[in-house]
Structure formats: C-alpha cells, structure tokens
Amino acid sequence: MWSIQLPTGDFLESVPALSFELNNQIFSTDDNSILPGSFAFPVDIPLSPRNQVLLDHPHLVNNSRAFSKYEGCWIYAHGVPLFQADLRITNATPSKVKISLTANPIGNLKDKKLRDLGLGEERSIGDSTAMLAHAKATTTAPVDYDYVFFPILNDGYLSNGYIDDRARFQNYWNLSTDQFEVDHDYPAFMPFIRLEYLLEQMFAPLAFTFNNRFQTTDELRRLCLYNGTSMWTRSGLPTTIDLRRHVPDRLATAELKDILQNFALGVFTNIFSRTISIVPLRDLLTQPPKRDWTAYRVGAETIESRDVFPDNVYYRIPEEDAMFAKYPERTLPPNFYQGELDTLDELDDIGLAAGSYFIRARHAYYYALNPGASPYVLIYLYLGWAPGQGSTRLELPMPPLFDNHPSIVSGVTTEPWGSPIPWCNMPGTVEYIDPDGNVISQSNTPSERMLWYRGMYINTLMGGDYPQASAAPFGNTAEEADTLIDTLSLHMDGERGIYNQYWKQWHQMLRYGKSTIQQFSIPVSELVQFSFEEKIRAGSMDYFVKKIKIKQLLSNHLVLVEANLVSTI
C-alpha cells in the first residue's frame, strides 16, 4: 500500500494507488525548463474528516486563505520510505482533494539567475596597490581562490581602437615589473570565475549533498569562464570585487546545462539518498553493472527504434567574435592535413603549404592560413570534429578562445616563447577616460566561452614569470615538445581534446545502443537503492535506464515497473 507522511509526522488517510515516472535527465531534451531529477504527478485523495484537519479544511468556501503547501512529505511504498516530495493542493470539493506531488531537488534554481547566487557578495580587497597584488596572488595559487586573473590578447576590446598596445589586452601583465598593470590607456582588468566555484554556488542553497566528481584534479579545478566586464571605472580601480558583475545575466539552469553538455557530464539527483552528483558520462560506461535485474523481468522485452543522434560533434560558432567571420577556415576538417611538426614556430618556414598540421607540442591540429609569409603566423583551432560520415551535428555551447602564437606585438610582450595565449576579437564592457578627457562607456554581452588557466611559467625569451592560459596543453620550449604543461585540451580534436577525452564513448553508445522497453517486478528495497547513474544487467546485456515508470504495488513488497533502456556497447 501507498502512504503519504506530512512534515508533522501525520499520515494522510486512504491514499489511492500511485503511478508516476522518473526520467534520466541525461537522455532528456535541451529544454531549460526541465530540471535534472525533477518530476511531478497529480493524485485525488478522499477528503475524510481526518484529512480535512490535516490539510487545513481546503474545501470550506469561507476559508479565504490560499491552499497550503507542505514541503518535505515522505511517500511510502509497502511501509518503506521511497522519496521526498512537496505536496500542493490544486482544488478541493467536500468529498475529495486534488493534490500534486513534486520531487524537485534543484527547484530553487529554476528562476534564479547566476547573479542572484550571491557569489561571495562584495569582497573587500583594498586600494589599487592591494588589488593588483591580490590579482597576482591568484595566479600562483589559483585553486585557493574563487577566480583567477590572467592575460588575454583581445584586439577588439576597446570599440574606438587602440590607445596603446597594452589596450589590446584583458589583464595586461608587465614582464619587466612582474605584475599586472591597468590605467585609462589600457583599462581592461577583470577576474575569471573558476567553474568549480560556480558549480558549488549553484548547489549550495539546496537541501541535498553536492558531489563534484568531474573536477577531481588541480588541472580541472583551474577551468574558468570568460567575461569581458572590466572592474576599471572613470575613478580608477574599486576596492572590492563583486563576481556577480563577471558572470552572464542568465538563468543558472541554462548555464548548468551548457556546462554539462560541453563535457558530456550528467547530473544525478538521488531522491532516496538526497545527493546530487556531477559525473563524466564516460566514467559510467567503464563501470560494471551494479544491479542484475534479470530475475525480476516480467514478460518479453519490446525493441524500440533507435533514437537518431547526430553523427558529428562541433563547437557552436559564436557570432559575437569578429574573428570567426574574418577567417571562415575555422572549421576545415583534417582532410586538409599537410603533415606533422614539432612546434608552431616551424609554421614560419617558407615553402610550407597552407593547410592543417598536427603540432606535437600542442597535441592538436592547427590551420596555417599563410605559412612563412609573416613573422606572426595566424593559427586557428578547429571547432569541429567528425567521427562519423553523416551530415547531422551536435553543437556544444562553450567553445574556447583561440590560441594565438605571436611572440611580440609592437614591442609589447604577449606570451612566453613557445606557448600560446588566449586570443579573441570582442568588444568589452568598460568605462574609462580617453586621451581627450571624454568618459567612454561601452557594453557587450559575449557568448559563453571556456578558459583554462595553466599556471605561472618563465618567459624564456624576455625573462620573468607569466600567468599562462591556453585552450590546449603545450611544451614550454621548442626542445620540450613532448614535455607538456597539463594534460587536457579544450580543442575538439586531438587525443587530449574534448571529443576523445569526454564525448567519444558516450557518443558511440548513443549512436549504436539498442533501445528496449522491459517490465520488472522489483522489491521495494531494491528500488530505493537504484540510481540513474548505474548500469543494470538484464539477461545478457548491460543497459542504462532512460525512464522508469512506477506502475503498481504488488504483494510481497514488490513493485511493478516499466523501464525504457539503452544498451551499452
């Protein structure tokens, strides 16, 4: 039998048979209104005298108060607590009341924007000297802070052109003084929030324990999000940092789903253990099945037509960055392959053909537009990867910035020799005073982009330390092409790239896995231990559960369920 326990500890009388579905969010649509792990279903309950009292007499016409909402009710099956849900009354008559039971662990995020999360509020740092010293401190111990400062070469940050070459940078770093510098002539100065911290803040208000099983190394913990909003004002540097100004003005759930899609991650809300976990889906495929439901099968399985999943995985092309319009070669596939080189410096060699080259020091393919024609080679990473032969494509929402390779731009050192620097061409949000004394205010909302801070490294060309970021790992010098700083890449291609490291196994399963429907007669005690992140065994096959429908309670503490399954390969 079913029963519903109110937060007071009292049980409602005469609860009818319940039937509802639980959906595995990793197989759901990209609809941002659908929250991971949430579900709701209506039920009619007799309005007995006892239920009238427990539900605050909802049937009385002269009861002018709004219907009550009861948060944290427990739903029992055969006396076993199955899950917690919120109970809301939708209408009532003298004989019955219609209620809706909603299990929505991250419901508080649904209408909350990133800027509503708090993000530490305003953090007092001090005067400009203290602020610049603080920014430098984040570069040497990045995982000790919630954000990191590091340089980005941005040719288009100021919409009215360059004041001097330092204005081509976000967070200009002076190699001679070994510190950040900012002024009205080069006013772009901002922190980049760490992804790990942002995820923690998303889940912090929830009454569930959050487990980040994605960012388990220091390298992964140094993933950051791009922003173009400068702290600089007409009055100079403020004394505080407010991260709410440096995240997009969008819903937290929309941001969360983009992050999950980029790295093929799953959010698993276990309503039984009250935990929320973020897990790379590739990790789930390598685990053995945790449960064998073969003995619980009822009847024959039904084979469904396989879901059509895109053949190719690409990054979405952000229209806000003018370089994407200027250089359409950005998505040329590797069939323009010209050969393998040790370092990007070799692309300066006269006589090399235009096309793609595998650069051993970067462990990725690059397209050289005009090799040997300029001391500053123009290099563009691929946004596409084509593991299949078809034309359908899945577009990931958060591409990295370009990795550029100039050594010196008009006398201003931009990067350590032999290693990249993030590069874009996007106007920023900033206020400053131009050389004529005019106050200039400009704003821009760039698309979501990913950044990878690599750490502080020696500039072997000019001397001094440099806060280094890049999309791909790299060798610090030409002689160290096989000695990489870090191990993972935000490029789509290459053995260390997003596709091979995070998407490949899951993508193959979605393209070739068999879809079936099977019914099982499962003990309640087994059902409450089940998690969507687990593979199950049924017969001779391993499956992931896409959907599980609780159909009815059977005798002997059994539950009849119908499961939509996808076989693993």
Side-chain angles (χ1 to χ4, degrees), residues 18-31 34-39 41 77 82-83 103 213 260-261 264-273 275 277-311 394 502-554 558-569:
L18 303 180
S19 177
F20 53 91
E21 286 183 354
L22 302 174
N23 288 277
N24 193 341
Q25 190 65 25
I26 60 176
F27 294 103
S28 298
T29 67
D30 198 31
D31 182 359
I34 302 173
L35 298 176
S38 62
F39 68 97
F41 59 94
L82 199 60
F83 62 90
R213 288 157 52 190
L260 299 177
Q261 188 178 42
L265 307 174
V267 166
F268 298 95
T269 55
N270 192 314
I271 59 174
F272 310 125
S273 63
T275 58
S277 300
I278 289 182
V279 187
L281 299 179
R282 55 137 204 238
D283 293 352
L284 307 184
L285 285 166
T286 60
Q287 297 175 359
K290 192 169 183 179
R291 306 188 184 282
D292 191 336
W293 287 4
T294 304
Y296 305 138
R297 288 193 298 183
V298 178
E301 66 178 353
T302 301
I303 308 299
E304 294 185 296
S305 61
R306 181 181 293 135
D307 293 337
V308 178
F309 198 82
D311 301 287
L394 170 68
Y502 288 99
W503 261 101
K504 184 176 181 177
Q505 291 172 282
W506 190 256
H507 183 217
Q508 296 303 307
M509 189 208 74
L510 292 177
R511 292 180 67 209
Y512 300 116
K514 180 178 70 172
S515 296
T516 72
I517 300 175
Q518 297 188 44
Q519 291 197 2
F520 301 91
S521 177
I522 301 177
V524 175
S525 57
E526 171 78 8
L527 182 62
V528 298
Q529 296 179 52
F530 168 73
S531 170
F532 277 122
E533 67 180 274
E534 301 169 356
K535 284 190 292 190
I536 69 161
R537 185 80 172 173
S540 60
M541 296 288 291
D542 296 342
Y543 297 93
F544 278 107
V545 179
K546 291 175 59 176
K547 181 194 305 181
I548 190 165
K549 183 175 182 179
I550 312 297
K551 300 195 72 172
Q552 69 181 89
L553 296 184
L554 306 174
L558 298 175
V559 183
L560 180 63
V561 303
E562 182 177 274
N564 292 63
L565 309 173
V566 178
S567 66
T568 61
I569 56 173

Chemist: Rounded to the nearest 0.5 Å, what separates atom CD in E526 from atom OG in S521?
Modeler: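 Here the interatomic distance stands at 11.5 Å.
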Chemist: Can V559 and L554 be said to form a side chain to side chain contact (heavy atoms under 4.5 Å, CB included), step by step?
Modeler: CA-CA 5 Å; V559 183; L554 306 174; over 6 Å; no
Chemist: Which atom names give the shortest non-hydrogen contact between V566 and S515, and what distance separates them?
Modeler: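 Taking V566 first and S515 second, the nearest heavy atoms are CG2-OG, 4.1 Å.
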Chemist: Side chains of E562 and I517: does their closest heavy-atom pair fall under 4.5 Å?
Modeler: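 Answer yes - side chains close enough.
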Chemist: Carefully, step by step, assess I522 and L560 under the rule side chain to side chain contact (heavy atoms under 4.5 Å, CB included).
Modeler: CA-CA 6 Å; I522 301 177; L560 180 63; over 6 Å; no
Chemist: For the pair V524 and L558, evaluate side chain to side chain contact (heavy atoms under 4.5 Å, CB included) and give the outcome as yes or no after the intermediate values.
Modeler: CA-CA 6 Å; V524 175; L558 298 175; over 6 Å; no
Chemist: Measuring only between side-chain heavy atoms, which start at C-beta, is T568 closer than 4.5 Å to L285?
Modeler: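 Sidechains of L285 and T568: in contact.
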Chemist: Report the distance from atom CZ of F532 to atom NZ of K547, rounding to the nearest 0.5 Å.
Modeler: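 Answer for the CZ-NZ pair, F532 versus K547, is 10.0 Å.
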Chemist: Would you say the side-chain atoms of W503 pair up with the backbone N or O of Q261, donor to acceptor, closer than 3.5 Å?
Modeler: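 Judged by distance alone, yes, a pair lies under 3.5 Å.
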Chemist: Does any non-hydrogen side-chain atom of V528 lie less than 4.5 Å from one of L82?
Modeler: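 In short, these two side chains touch, coming nearer than 4.5 Å.
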Chemist: Could you check whether any side-chain N or O of S19 sits under 3.5 Å from a backbone N or O of I550, counting only pairs where one atom can act as donor and the other as acceptor?
Modeler: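 Side chain of S19 to backbone of I550, a donor-acceptor pair under 3.5 Å: yes, one is there.
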Chemist: Closer than 4.0 angstrom, basic N to acidic O: yes or no for E534 and K290?
Modeler: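 Yes, E534 and K290 are salt-bridged.
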Chemist: Can you find a heavy atom in the side chain of N564 that is under 4.5 Å from one in the side chain of V545?
Modeler: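 Side-chain contact under 4.5 Å: no.
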Chemist: Would you compute the distance between atom CD1 of I536 and atom CG of D292 and round it to the nearest 0.5 angstrom?
Modeler: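 Rounded to the nearest 0.5 Å, the CD1-CG separation comes out at 8.5 Å.
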Chemist: Can you confirm whether E21 sits close enough to I548 that some side-chain heavy atom of one is under 4.5 Å from a side-chain heavy atom of the other?
Modeler: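 A side-chain contact is absent here, since even the closest heavy-atom pair is not under 4.5 Å.
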Chemist: Does the distance from a Lys or Arg side-chain N to an Asp or Glu carboxylate O, for R213 and E533, drop under 4.0 Å?
Modeler: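 Salt bridge: yes.
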Chemist: Less than 4.5 Å apart, side chain to side chain, heavy atoms only: is that true for L284 and F544?
Modeler: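 Of all side-chain heavy-atom pairs linking F544 with L284, at least one is under 4.5 Å.
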Chemist: Within the 3.5 Å criterion, strictly below it, is a donor on Q518 or W293 matched to an acceptor on the partner's side chain?
Modeler: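 Q518 vs W293: no donor-acceptor pair found between side chains.
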Chemist: Is there a donor-acceptor contact under 3.5 Å from the side chain of R291 to the main chain of Q529?
Modeler: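 Yes.
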Chemist: State, with a plain yes or no, whether a side-chain heavy atom of T275 is found less than 4.5 Å away from one of F268.
Modeler: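 The answer is no, as the side chains (C-beta and beyond) never meet within the 4.5 Å cut-off.
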Chemist: With respect to D542, which candidate in K535, R537, Q287 satisfies the side-chain hydrogen bond (donor to acceptor under 3.5 Å, both in side chains) definition?
Modeler: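 Going through K535, R537, Q287 one by one, the side-chain hydrogen bond (donor to acceptor under 3.5 Å, both in side chains) with D542 is satisfied by R537 alone.
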Chemist: Whether the side chain of H507 engages the backbone of P310 through a donor-acceptor N/O pair (distance < 3.5 Å, no angle test) should be reported.
Modeler: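 Yes: the side chain of H507 pairs with the backbone of P310.
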Chemist: Do Y296 and F520 have ring centroids that are under 6.0 Å from one another?
Modeler: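 Judged by ring-centre distance (under 6.0 Å), F520 and Y296 do not meet the cut-off.
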Chemist: Is the shortest heavy-atom distance from the side chain of K514 to the side chain of I303 under 4.5 Å?
Modeler: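 Yes, their side chains come closer than 4.5 Å.
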Chemist: For the CZ atom of R511 and the CE atom of M509, what is their distance to the nearest 0.5 Å?
Modeler: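 Separation between the atoms: 13.0 Å.
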